[in-house]
Asks: 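What follows is a single structure, and I will ask about it in a moment.
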Amino acid sequence: MDEQGEVKVKNPWHRPAFIFLAAFIILGIVIMVAISVVQNKPLPQKYKYGIVLDAGSSHTSVFIYEWPAEKENNTGMVQQKHTCNVKGKGISSYDADPDGAGKSLQDCMVEAKQIIPAHRHTETPVYLGATAGMRLLKMKDEAASEKVLTSVEHSLKTYPFSYQGARILSGQEEGAFGWITVNYLSENLNKPTGTLGALDLGGASTQITFIPQQDIESNDNSIDFRLYGNDYHLYTHSFLCYGKDQALKISMSKKLVSSHAAYKTDPIELRDPCFHPGYNTTKTVQSVFNTPCIKAVNFSSGYISHVGLGNWSQCQQSIRKVFNTSRCAYSKCSFNEVFQPSVDGQFGAFSAFFFVMNFLNLTSDSLATTKQKLATYCSTPWGKIVKNHPGTKEKYLSEYCFSGTYILTLLEDGYNFTSENWKDIHFIKKIRDSDAGWTLGYMLNLTNMIPAEAPDTPLMPYGGYVTFMILFTLFILVLLLLAYLYFRQSSRKAQKGII
Ligand SMILES: Nc1nc2c(ncn2[C@@H]2O[C@H](COP(=O)(O)OP(=O)(O)OP(=O)(O)O)[C@@H](O)[C@H]2O)c(=O)[nH]1
Ligand SMILES: [Ca+2]
């Protein structure tokens, strides 16, 4: 026994090695647990920010976007953090007072400074994009439009952000970026599922953008993108002067010009089926004709007595005259000789498409029901309408019959939607808390946040990777332990054999 005891003490696999291995295993487990705890602890989110000013024809809105700094190239990560509506009218209305355009942005930009953390200010890009109002001003008075842009540029440069430019977007860009926005927010861009067409109705222009089933016959209407490894061949068209405010002016001017009485009376009487019975307001001729969308006409008076008749079918007939559908040089046209393939797939209809249809409660009816309800609404006396909506601005309120009828006629007679595919039009304001509109798509494009190729995805998700590493390491440790026990056993046997 004593001899055996002496041999045991000499065994190289004896206590120090065992203690070392046990310590090694414990240390390994402690390190693994510590690493996985630290790794899984939610990181303090580091957000980045971007600002886009939508200088529309009717007003300017400031959009602040935010996204997690580490995930800027993943789809659906950028979100709208805040919007601010600039007080007053759009920047194109400052043609006689360009300095006023820059000043008008002050309040919203100060708000942006408060909302975005100070340490991010200098790296936050600011873009201003102007749309149809400025396109029209440029047509009317190019020097004035440049002065307005210079004024907003000077104003934006006084803030601590990274100024990236103020420019007028083309109609094509406006349509295409609206399409990118709705498809980015719906997370359609990296999936094989279909995309959402985009319908935008502004005050001075309207855009239609979608992926058609047929060839695009005119180059002006075609735009190509490669996003997340997929090629997109888009049809897009922007109709300048066909936003709802300009369309109303065109429609009123046509009625005035075609009515002989209009040339003789003072004020000129405009009997309008698109306004409620009992509506009677004096307007200036200038307020209708002050746009490059209409040819100037001489009248006997500078004033119009605008009298409502509240007749929906006559209203629709008068609006149809705004669309010229008599000629088409392509296989298919929408109106005004513009090529348009048949509409296809689901559409998101936003901006004034939503404001108007939502107000009229017409966002989920069939086409036939929509027409019926609208006819009833238009024939409702003006006094009753005002009484039923005490909080609504009278200018907005008076125009809903016209605007609803215009939307219906534009979609059905203009873009050729039918009672079958009417349900494919979704009247939307926001998708996942961000407004549908061109601004987000514009920023994503200019900051290269939508890569042409899909980013490489890791072999397995992060959680799976951590679990795998822990299990695999434990497996190796168990193997080492077994090997140790085996060796110890066999060396004991060997010792015994020697004895
Ligand atoms: N009823 C209602 N109308 C609105 C509202 N906001 C804007 N509008 C009107 O809807 C129309 C379109 O508004 P926007 O989409 O902001 O148009 P915009 O961007 O100024 O014009 P574009 O430059 O042509 O795009 C204009 O006639 C606005 O006066 C709203 O909250 N309610
Ligand atoms: Ca707009």
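Just so you know, ligand 1 is whichever comes first in the structure, and atom 1 is the first atom listed for that ligand.
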Asks: When you measure from the side chain of Asn311 to the backbone of Ser313, do you find a donor-acceptor pair of N or O atoms at a distance under 3.5 Å?
Replies: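 The answer is yes, because a donor-acceptor pair under 3.5 Å joins these two groups.
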Asks: Counting distance only, does the side-chain N/O of Gln213 pair as donor-acceptor with the main-chain N or O of Ser342 below 3.5 Å?
Replies: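 Answer holds: no.
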Asks: Strictly under 6.0 Å, is that where the ring centroids of Phe335 and Phe239 end up?
Replies: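 Close enough - the centres of the two rings lie under 6.0 Å apart.
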Asks: Would you please indicate if the ring centroids of Tyr235 and Phe210 are separated by under 6.0 Å?
Replies: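 Centroid separation for Tyr235 and Phe210: below 6.0 Å.
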Asks: Between Thr439 (side chain) and Asp54 (backbone), is there a donor-acceptor pair under 3.5 Å?
Replies: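 Not at all, since once roles are kept as given, no pair shorter than 3.5 Å links the two residues.
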Asks: Heavy atoms under 4.0 Å from ligand 1: which residues qualify?
Replies: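 Lining ligand 1 at under 4.0 Å, by heavy atoms, one finds Gly56, Ser57, Ser58, His59, Thr131, Ala132, Glu174, Leu201, Gly202, Gly203, Ala204, Ser205, Lys244, Asp245, Ser351, Ala352, Phe355, Tyr396, Tyr400.
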Asks: Quick one: do Thr405 and Trp312 satisfy side-chain hydrogen bond (donor to acceptor under 3.5 Å, both in side chains)? Show the steps, please.
Replies: CA-CA 8 Å; Thr405 314; Trp312 179 75; 3.3 Å; yes
